[in-house]
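Here the structure is laid out as structure tokens; the discussion comes afterwards.
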2 protein chains.
Amino acid sequence: MDGDTITRPTLSDVAARAGCSPSTASLAFSGTGPVSDATREKVLAAAKELHYAGPDPRARSLRRGRSGIVGVVIDDRVSEAFRDPVNIAMLDGVSEAIGEIDAALLLLTAGAGSDKPVSLETAPLDAVVLFGCSTTLERSISMLTQRGIPAVVIEGDAGENVPEIALDNREATRLGAEHLRELGHERVGIVVLPLAPDRARGALTEERAASSAVATATERLAGARDVFPDAAGVVASGSYLDEGLIAGRELLTATPRPTAIIAQSDLLAAGVIRAAEELGLRVPEDLSVVGFDGVRVDGLDYDLTTLVQPSQAKGRAAGEAIVRMLAGEHPSSVTFTSTFHRGATTAPPRVAD
Amino acid sequence: MDGDTITRPTLSDVAARAGCSPSTASLAFSGTGPVSDATREKVLAAAKELHYAGPDPRARSLRRGRSGIVGVVIDDRVSEAFRDPVNIAMLDGVSEAIGEIDAALLLLTAGAGSDKPVSLETAPLDAVVLFGCSTTLERSISMLTQRGIPAVVIEGDAGENVPEIALDNREATRLGAEHLRELGHERVGIVVLPLAPDRARGALTEERAASSAVATATERLAGARDVFPDAAGVVASGSYLDEGLIAGRELLTATPRPTAIIAQSDLLAAGVIRAAEELGLRVPEDLSVVGFDGVRVDGLDYDLTTLVQPSQAKGRAAGEAIVRMLAGEHPSSVTFTSTFHRGATTAPPRVAD
DNA sequence: CTGTTAGCGCTTTCAA
DNA sequence: TTGAAAGCGCTAACAG
């Protein structure tokens, strides 16, 4: 009754039907090696008759030692990770680059709470891209090296043998901060990306800063502190507009109120601007705002002053590094640089200060 | 010199080291079957000594006939597909549901232009979720049935044996349209989601409507037409705010100007509102706008009147269907319903009409 | 509880 | 140009 009992044809079945050996049939399919046109056609015909859909990828990958799958480890839930266009762009870049070798992307979640990066240990992966996954990073890397799977890290230090796709987070942020200082700002607030996998929200304390596990946030913070060592900060629980709004309210209701805010992402910056509007503050007259990323924030009416980073290129570089590693090369780390974009959200502080 | 030549230890190596048979060692690892604690520990110890990282997934999946990988086929580029939160929510739902069986998500792009759904033919997939992928659908399904891989389709008809996760697109849209009619609207414009894989933008003609390959768009259109048979329409090239803006400008500069616009997604609706603002029209006084989806559009200041659909639940249902299919069951199709949310973007047309 | 035996389906030498 | 043989590393029967 149940159709499930049908066994699919195998290459040997096809070969038998075509009157040749399995090895020959294999050649006919893979195109590798010399096969006469006549034979190839016989094989293909036999395959069609039997509804053979091509070599079983499981067997093939066992034999070849390659699965054609590249893993991408993302923080937490899919929905969280993809709310920021920066991540999507990176993913897109990776996807594009590994498309060259017809590999596909396996989405792995090495989430904060979750204790099971099951898939990292068990998935048939040829290589892995780690998205600056903070604390999990170390564990992931050791797992992968043990399994002999090459990895690339995007923004995060993973040791000698793991190429890193880096970004000049500190220098870039410093540029933005210097811009503010040149305009005359002195009281500056910072909205910080999550510092720990728990994504706890709250005031930025020295301990929290010191124990940070997230490279990107830490580096950007350092860049801001290079210029404004005493700036107050609020840690957001994610790179979302809403979080920027919350953080913005917090910073802008403190006394004395900052005249400028450095947000570690454009989404956060957009939220800060929203908070300012709520409080009746004009941007940039009453408050200057600097973002980071250079993404278009849908629905933001301002030309945001920000640091434009090449997200997609970063992803592509990661993908390319992987392609090379799979080809037996040892690509070195790359650092991308962000460019300062002076938009319309920064201006000198009001004279009254 | 090159470390790559190291061969990883195998289960047999571990077994030998532990002084037991491979099959016993296998049992010790998988936890299946009876193994004495003593033996298990010996095996684990041996594994640690040899830096054995667990069974090779390729071999395991060949033997077991399962790879633990579920494919998700998305339109086009990763970056396009994920710009709409609805898609992300669905993906998240799928991810959550299949997490139950520790499967991971393989992202497959069966894009418009690309002629190669290579991965669908060659990836080691246990099952596949097809995201209403229009034209490619038929081809994908036939490929999958040939390979014997179970599939689920989200919004799209794939024939008898493929369970569908459907949405009441037509009925829901009709509800929104009726709401407008009850308010007194007569001249209504429609912003339509892409009707073809080429995502061509432009005026909605009868031919285009008739030859549509995308179920969701067609159904929603039908729902609007149920109430406003003669409504003018513009087809957007994607579910983005910017596209809504373009379409909105188009519709709102026509004469006579519509008093209401039905947008097939919230992002499009947000764009339409933006267009209205540009033109100095107030929403809802001068223009009523209805969306679809019920997603929070960052940066939209309006409480949008819309049809709220359970995106995440849809994804979860798809994932659950897959889990059941992998368990040998034959889940049936499910239809989800959207609920009308009356927000603040709809009102009676101005008397002057 | 443990070992033996047989493959999963394919590819890749190597000989013919 | 084709075929025969030998596994890739694991697991599932079945015996012991």
Side-chain angles (χ1 to χ4, degrees), chain A residues 6-44 46-47 50-68 121-126 146-149, chain B residues 5-44 46-47 50-68 121-126 147-149:
Chain A
I6 302 168
T7 48
R8 317 245 120 234
T10 72
L11 235 203
S12 310
D13 297 335
V14 174
R17 193 90 167 72
C20 71
S21 78
S23 56
T24 306
S26 174
L27 294 183
F29 267 101
S30 66
T32 328
V35 189
S36 75
D37 287 351
T39 318
R40 189 200 325 287
E41 287 190 11
K42 260 194 303 184
V43 172
L44 262 34
L50 297 176
H51 300 292
Y52 179 69
D56 181 324
R58 290 177 286 256
R60 173 198 287 250
S61 70
L62 172 57
R63 187 57 236 234
R64 301 234 264 221
R66 284 279 168 84
S67 64
E121 302 182 326
T122 59
L125 301 168
D126 290 346
Q146 188 167 168
R147 282 188 62 189
I149 296 176
Chain B
T5 345
I6 302 168
T7 49
R8 322 242 118 237
T10 72
L11 234 203
S12 310
D13 296 335
V14 174
R17 193 90 167 74
C20 71
S21 81
S23 59
T24 306
S26 174
L27 292 182
F29 267 101
S30 66
T32 327
V35 189
S36 74
D37 287 351
T39 319
R40 189 200 323 289
E41 287 191 11
K42 258 194 303 182
V43 173
L44 262 33
L50 297 175
H51 300 292
Y52 179 69
D56 182 324
R58 289 177 287 256
R60 172 195 286 243
S61 70
L62 172 57
R63 185 61 240 234
R64 303 233 265 219
R66 284 280 168 83
S67 63
E121 304 183 325
T122 60
L125 301 168
D126 290 347
R147 282 188 61 189
I149 296 175

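A, B, ... follow the sequence lines: proteins, then strands. Residue 1 opens every chain.
- Remark: the backbone N or O of B:Lys42 is not paired with any side-chain donor or acceptor of B:Arg17 at under 3.5 angstrom.
- Taking 3.5 Å as the limit, the base of D:dA12 and the side chain of B:Ser26 contain no donor-acceptor pair of atoms between them.
- Donor-acceptor pairing under 3.5 Å, judged by distance alone, is present between the side chain of B:Ser23 and the base of C:dT4.
- Residue A:Ser61 is out of contact with every strand shown, counting any heavy-atom pair closer than 4.0 Å.
- Residue-level contact check: B:Ser30 touches neither bases nor backbone, having no heavy atom under 4.0 Å from any strand.
- Nucleic acid contact for A:Arg64: sugar-phosphate only, since backbone atoms but no base atoms lie under 4.0 Å from a heavy atom of the residue.
- Between A:Leu11 atom CG and C:dC8 atom C1' there is a gap of 14 Å when expressed in whole angstrom units.
- In terms of phosphate contacts, B:Tyr52 brings a side-chain nitrogen or oxygen within less than 4.0 Å of OP1 or OP2 of D:dC10.
- The backbone N or O of B:Glu121 sits less than 3.5 Å from a side-chain atom of B:Arg147, completing a donor-acceptor pair.
- OP1 or OP2 of C:dT2 has not a single side-chain nitrogen or oxygen of B:Thr24 nearer than 4.0 Å.
- Atom CZ in A:Arg63 sits roughly 10 Å away from atom P in D:dG7 (whole-Å rounding).
- In terms of heavy atoms, B:Ala123 sits closest to A:Pro57 at O-CG, 3.4 Å.
- For the pair B:Asp56 CG and D:dC10 P, the computed distance is 6 Å after rounding to whole Å.
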CA sep, side-chain torsions, deciding dist, call: B:Val14, B:Val43, side-chain contact (heavy atoms from CB on, under 4.5 Å) = CA-CA 7 Å; B:Val14 174; B:Val43 173; 4.0 Å; yes
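- The distance from atom CZ of A:Arg8 to atom C1' of C:dC8 is 16 Å, rounded to the nearest whole Å.
- Here A:Thr10 does not reach the OP1 or OP2 of C:dC8: none of its side-chain N or O atoms lies under 4.0 Å away.
- Separating the CG atom of A:Leu62 from the C1' atom of D:dC8 is a distance of 4 Å, rounded to the nearest angstrom.
- Between the C1' atom of D:dA12 and the CZ atom of B:Arg66 lies a distance of 16 Å, rounded to the nearest Å.
- Nearest heavy-atom pair across B:Phe29 and B:Pro55 is CD2-CD, 4.2 Å.
- In the set C:dG9, C:dT2, C:dA6, the nucleotide with an atom closest to the side chain of A:Ala59 is C:dG9.
- Between B:Phe29 atom CZ and D:dC10 atom C1' there is a gap of 12 Å when expressed in whole angstrom units.
- Rounded to a whole Å, the CG atom of B:Leu27 is 12 Å from the C1' atom of D:dC10.
- For A:Pro34, the listed nucleotide lying nearest its side chain is D:dT2; candidates were D:dA12, C:dT11, D:dT2.
- Checking the phosphate oxygens (OP1, OP2) of C:dG9, no side-chain nitrogen or oxygen of A:Arg60 falls inside 4.0 Å.
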